[in-house]
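Atoms within each ligand, like the ligands themselves, are counted from 1 in listed order. In what follows, residues are counted from 1 in the order of the sequence shown.
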Amino acid sequence: MIEAGQPTELFIGGDWLPTERTFPVADPANGRQLCAVADAGPEHALAALDAACAAAADWAATPAARRADILRTAYEALLGRREEIARLITLEMGKPIAEARGEVDYGAGFFRWFADGAGRLHLDGGYGHEPGGQYRILTAHRPVGPSLLITPWNFPLAMGTRKIGAALAAGCTAILKPAEQTPLTALLLADVLREAGVPGGVVNVLSTTDAAGVTEPLLADPRLRKLSFTGSTRVGKLLLEKAARGVLRTSMELGGNAALLVFDDADLDTAVEGAMVAKLRNGGESCVAANRIYVQSGIRAAFTERFTERMTASVCGHGLEPGTTLGPMIDERQRTKVADLVADAVRGGARVLGEGTVPQDSEGFFYPATVLTDIPQDAALRTEEIFGPVAAIYSFDEETEALAYANDTPFGLASYVFTGDVSRAMRVAEALDTGMTGINRGVVSNPAAPFGGVKESGLGREGGGQGIEEYLETKYIGL
Ligand code: NAD
């Protein structure tokens with residue numbers, strides 16, 4: 001099942017390190033164990049920090065062009081191993097293989113993007129005179145320092161490369177702590193980076209079942225200078241408190257509650273296609289997934305019928321089977337959470353407009369693609385991330401009403417607008433309180449675009465021009 005040569009040990013200081021304790025990684029499509037991986041404890045965390053600190057000065061002093069070359073080599077290596085890595089992503093995370101291939105392209109793209117950024121870094125300084133004319137102001141960038149990168153399970157490769165690419169380009173060393181459910185892709189990524197020429201200690205990877213125990217000593221250590229976290233808002237808040245003790249630079253990519261607005265003047269095909277992608281990509285297990293679909297009254301019947309047809313026609317199964325368009329949920333906990341949200345809504349009066357099928361007699365954590373409407377006011381899925389293949393459809397009459405609904409949430413990651421009117425598209429996009437808005441498209445992710453949220457969806461941006469800045473300090477020299 002798993003390729004021979006798949007790393008399963010900790011990656012510290014450029015070496016693979018076995019641990020006494022291991023933990024199983026399972027295929028969510030059938031519950032079977034894929035393999036066992038090393039289970040890091042606090043002592044390994046400190047060893048990884050020692051390694052990251054020992055490598056920090058040399059890596060920061062490595063010419064930016066050399067860092068760029070290494071990232072470019074890693075980009076090509078990832079694409080060269082596209083099929084193998086895509087298969088691994090599908091096996092440990094569950095998404096259909098076509099989507100896993102897409103993740104390899106997307107994830108590798110961060111290395112290419114940040115390789116270009118690293119190459120330009122030395123040009124980004126400033127030279128000028130203060131307004132009085134007496135003194136000069138010189139500015140230059142320098143790396144923040146050793147960084148802790150914590151990633152979720154839903155995009156096991158891309159969430160890692162998005163952080164590692166920026167950190168390495170900026171000249172920072174890193175410790176990556178992948179999610180417990182999907183450590184294999186992260187360990188394989190470490191191997192790719194090693195082969196691409198990343199020196200020992202520059203990237204370290206800690207697989208663990210004890211996320212809090214492993215990160216605690218790192219966050220308490222003054223040598224750590226940066227925390228970049230992608231995950232739930234709940235854990236993000238907890239980590240922000242801990243990061244405050246050492247006044248760490250922080251980047252937080254947290255939860256979302258994306259609204260998708262379909263106006264009467266939208267092209268129906270485009271809106272249905274966009275809503276399908278925004279809802280069902282990654283089985284709905286995406287922070288930018290459409291959590292609330294608001295449809296204007298004039299197009300509501302036509303949109304709902306077509307969208308429900310498409311949702312219920314999803315082919316649910318093992319992601320490696322050809323034709324599968326919807327894989328399993330990541331684990332039983334996530335499946336139960338989605339089922340509970342639906343049960344709660346239905347108890348309060350929600351109507352199920354359609355429900356797809358799931359494989360019978362399977363041990364996998366499958367949940368059917370489901371469309372709900374008439375959602376009661378107090379239903380939890382109005383305010384909580386569904387993180388599954390369940391679409392909740394609401395209606396509205398006026399644009400102002402749609403905006404008020406969409407912005408009525410503490411989250412502000414992504415939003416989507418479908419309309420044929422350019423003025424409206426711009427007006428609504430500007431009024432939506434989210435870090436990102438897609439117009440007539442259901443996916444916005446791109447290495448060259450700044451990804452991130454406002455309000456409780458996070459701090460900072462990943463990718464785009466800003467991505468690298470998250471790992472840089474500005475040094476001012478006055479003379
Ligand atoms: P999670 O917060 O439970 O876990 C995320 C990571 O944090 C994992 O590596 C986990 O092991 C670690 N973690 C958990 N508790 C910790 C603790 N006490 N101390 C240190 N580390 C800890 O989230 P999840 O269930 O893995 O992922 C789903 C969430 O991630 C959703 O809310 C989703 O919206 C969010 N997400 C956000 C983005 C984004 O870019 N904004 C991208 C993907 C996922």
Is [X] close to ligand 1, meaning an N/O of one under 3.5 Å from an N/O of the other?
X    : answer
T151 : yes
E385 : yes
W153 : yes
T230 : no
S232 : yes
F229 : no
E180 : no

If you measure from each heavy atom of R333 to ligand 1, is any distance below 4.0 Å?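 No.
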
Report yes or no: does a heavy atom of F387 sit under 4.0 Å from some atom of ligand 1? yes

Output field: ring centroids F387/W153 closer than 6.0 Å: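 Yes - the distance between ring centres of F387 and W153 falls below the 6.0 Å cut-off.
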
Check: Y394 ring centre within less than 6.0 Å of Y294 ring centre: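 So the answer is yes for these two rings.
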
Do [Y] and [X] meet the salt-bridge criterion of a basic N to acidic O distance under 4.0 Å?
X    : Y    : result
E83  : R101 : yes
E332 : R335 : yes
R245 : E216 : yes
E363 : R32  : no

Report the nearest protein non-hydrogen atom to [atom]: residue, atom name, distance rounded to 0.1 Å.
atom                    : answer
atom 21 (N) of ligand 1 : A211 CB, 3.6 Å
atom 27 (O) of ligand 1 : P152 CB, 3.6 Å
atom 36 (N) of ligand 1 : C287 CB, 3.5 Å
atom 44 (C) of ligand 1 : N154 ND2, 3.4 Å
atom 12 (C) of ligand 1 : I150 CG2, 3.8 Å
atom 35 (C) of ligand 1 : G231 O, 3.2 Å
atom 16 (C) of ligand 1 : V235 CG1, 3.5 Å
atom 10 (C) of ligand 1 : K177 NZ, 4.0 Å

Look at atom 4 (O) of ligand 1 and say whether a protein heavy atom is found at less than 4.0 angstrom from it. no

Quick one: does ligand 1 sit under 4.0 Å from the side chain of M436, the backbone, both or neither, non-hydrogen atoms only? neither

Counting only heavy atoms, which portion of V288 has something under 4.0 Å from ligand 1: side chain, backbone, both, or neither?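 Neither; nothing of V288 gets under 4.0 Å from ligand 1.
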
With atom 41 (N) of ligand 1 as the reference point, say which of L254, L219, L238, N291 has the nearest heavy atom.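 Shortest heavy-atom distance from atom 41 (N) of ligand 1: L254.
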
Donor-acceptor pair between [X] and [Y] side chains, under 3.5 angstrom:
X    : Y    : answer
D39  : T209 : yes
N291 : N257 : yes
K242 : T215 : no
T182 : T185 : no
T230 : K163 : yes

Interatomic distance, S207 atom OG to L10 atom CG [nearest 0.5 angstrom]: 5.0 Å

Measuring from E470:CD to S147:OG, what's the distance to the nearest 0.5 Å?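 Result: 11.0 Å between the selected atoms.
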
For [X], counting its heavy atoms only, list the atoms of ligand 1 lying under 4.0 Å from any of them.
X    : value
G255 : 32 (O), 34 (O)
L239 : 19 (N), 20 (C)
R162 : 40 (O)
L413 : 41 (N)

Are more than 12 heavy atoms, taken from residues, nucleotides or ligands other than R223, located less than 6.0 Å from that residue's CZ atom? yes

Aromatic plane relationship, F110 with Y106 - under 30° parallel, 30 to 60° tilted, over 60° perpendicular: perpendicular

